A.B. asks: 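Take a look at the following structure, please.
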Amino acid sequence: MSAAEEDAAVREPLDLIRLALDEKVYVKLRGDREARGRLHAYDQHLNMILGDVEEVITSTETDEETFEEFTKTTKRNVPFLFIRGDAVTLVSPPLRS
């Protein structure tokens, strides 16, 4: 196996994250939050630094008079975002062909 093939090999779960460095990733978080951005750094706890981030927060609210539930989505764009690893529930690297 060449050095380039060895660098691209996925032997453990964090290798998949390593291969996504400087690529656009999707991160699902606790509390009905999600973020899409360029992965700049991560560690073994899945703490991450994302750049050019779109964060989406989804919340469910109930009308007090009719008790009807409706979903509210809030989006914001931030240049950099630190994500604490214990809030991460899913990381999706970019599709490779």
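None of the values given here were measured: they were computed from a predicted structure. Heads up: numbering here begins at 1 and tracks the sequence.
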A.B. asks: Do Val91 and Leu39 sit in one hydrophobic cluster, given that two such residues count as connected whenever their side-chain heavy atoms are within less than 4.5 Å of each other, even indirectly?
C.D. replies: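 Yes; Leu39 is reachable from Val91 via cluster members.
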A.B. asks: Taking side chain as C-beta onward, heavy atoms only, is Ser59 less than 4.5 Å from Lys72?
C.D. replies: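 Yes - at least one pair of side-chain heavy atoms lies under 4.5 Å apart.
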A.B. asks: Restricting to side-chain contact (heavy atoms from CB on, under 4.5 Å), what partner residues turn up for Glu65, sequence neighbours left out?
C.D. replies: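 Once residues adjacent in sequence are excluded, the partners of Glu65 under the side-chain contact (heavy atoms from CB on, under 4.5 Å) criterion are Asp63.
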A.B. asks: Enumerate the residue pairs fulfilling ring-ring contact (aromatic ring centres under 6.0 Å, His included) with a member in residues 72-94, sequence neighbours excluded, ordered by first and then second residue.
C.D. replies: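 Every pair satisfying ring-ring contact (aromatic ring centres under 6.0 Å, His included) with a residue in residues 72-94: His40-Phe80.
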A.B. asks: Once salt bridge (Lys or Arg N to Asp or Glu O under 4.0 Å) is applied, do any residues pair with Glu34, and if so which ones, sequence neighbours excluded?
C.D. replies: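 Checked Glu34 against salt bridge (Lys or Arg N to Asp or Glu O under 4.0 Å); matches are Arg36.
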A.B. asks: Through direct or indirect side-chain contacts below 4.5 angstrom among Ile, Leu, Val, Met, Phe, Trp and Tyr, which residues connect to Tyr26?
C.D. replies: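 Tyr26 clusters with Leu90.
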A.B. asks: In terms of heavy-atom contacts, does CD of Glu61 have more than 12 from other residues, nucleotides or ligands at under 6.0 Å?
C.D. replies: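 Atom CD in Glu61 is packed in, count exceeds 12.
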A.B. asks: Once salt bridge (charged side-chain N to carboxylate O under 4.0 Å, His left out) is applied, what residue pairs with a partner in residues 39-51 remain, sequence neighbours excluded?
C.D. replies: none
A.B. asks: Is the shortest heavy-atom distance from the side chain of Leu50 to the side chain of Val27 under 4.5 Å?
C.D. replies: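 Result yes, sub-4.5 Å side-chain heavy-atom pair found.
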A.B. asks: Could you give the distance from CG (Leu46) to CD1 (Ile83), rounded to the nearest 0.5 Å?
C.D. replies: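 So the gap between those two atoms works out to 10.0 Å.
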A.B. asks: Out of curiosity, does Met48 fall in the hydrophobic cluster containing Val53 (side-chain heavy atoms, cut-off under 4.5 Å, transitive links)?
C.D. replies: yes
A.B. asks: Listed by chain and number, what are the salt bridge (Lys or Arg N to Asp or Glu O under 4.0 Å) partners of Asp32, not counting sequence neighbours?
C.D. replies: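 For Asp32, no residue satisfies salt bridge (Lys or Arg N to Asp or Glu O under 4.0 Å) once neighbours in sequence are set aside.
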A.B. asks: For Arg84, check salt bridge (Lys or Arg N to Asp or Glu O under 4.0 Å) against everything at least two apart and list the hits.
C.D. replies: Asp86
A.B. asks: Can you name the residues that form a side-chain contact (heavy atoms from CB on, under 4.5 Å) with Asp15, not counting sequence neighbours?
C.D. replies: Val10, Arg11, Glu12, Arg18
A.B. asks: So does Tyr42 get a backbone contact from the side chain of Asn47, meaning a donor-acceptor N/O pair under 3.5 Å?
C.D. replies: no
A.B. asks: According to side-chain contact (heavy atoms from CB on, under 4.5 Å), who are the partners of Arg76, at least two apart in sequence or on a separate chain?
C.D. replies: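 In terms of side-chain contact (heavy atoms from CB on, under 4.5 Å), with neighbours along the sequence ignored, Arg76 is linked to Glu55, Val78, Leu81.
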A.B. asks: Please list, chain by chain and in numerical order, all residues satisfying salt bridge (Lys or Arg N to Asp or Glu O under 4.0 Å) with Asp52, sequence neighbours excluded.
C.D. replies: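 So Asp52 forms no salt bridge (Lys or Arg N to Asp or Glu O under 4.0 Å) with any residue.
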A.B. asks: I'd like to know if Leu21 and Val25 are part of one continuous hydrophobic network [Ile/Leu/Val/Met/Phe/Trp/Tyr, side-chain heavy atoms within less than 4.5 Å].
C.D. replies: yes
A.B. asks: For the atom pair NE2 (His45) and CG (Leu14), what is the distance rounded to the nearest 0.5 Å?
C.D. replies: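 CG of Leu14 is found 10.5 Å from NE2 of His45.
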A.B. asks: Does the side chain to side chain contact (heavy atoms under 4.5 Å, CB included) test come out yes or no for Leu29 and Thr89, once each step is laid out?
C.D. replies: CA-CA 5 Å; Leu29 306 162; Thr89 60; 5.7 Å; no
A.B. asks: Who are the side-chain contact (heavy atoms from CB on, under 4.5 Å) partners of Glu69, not counting sequence neighbours?
C.D. replies: Thr60, Thr62
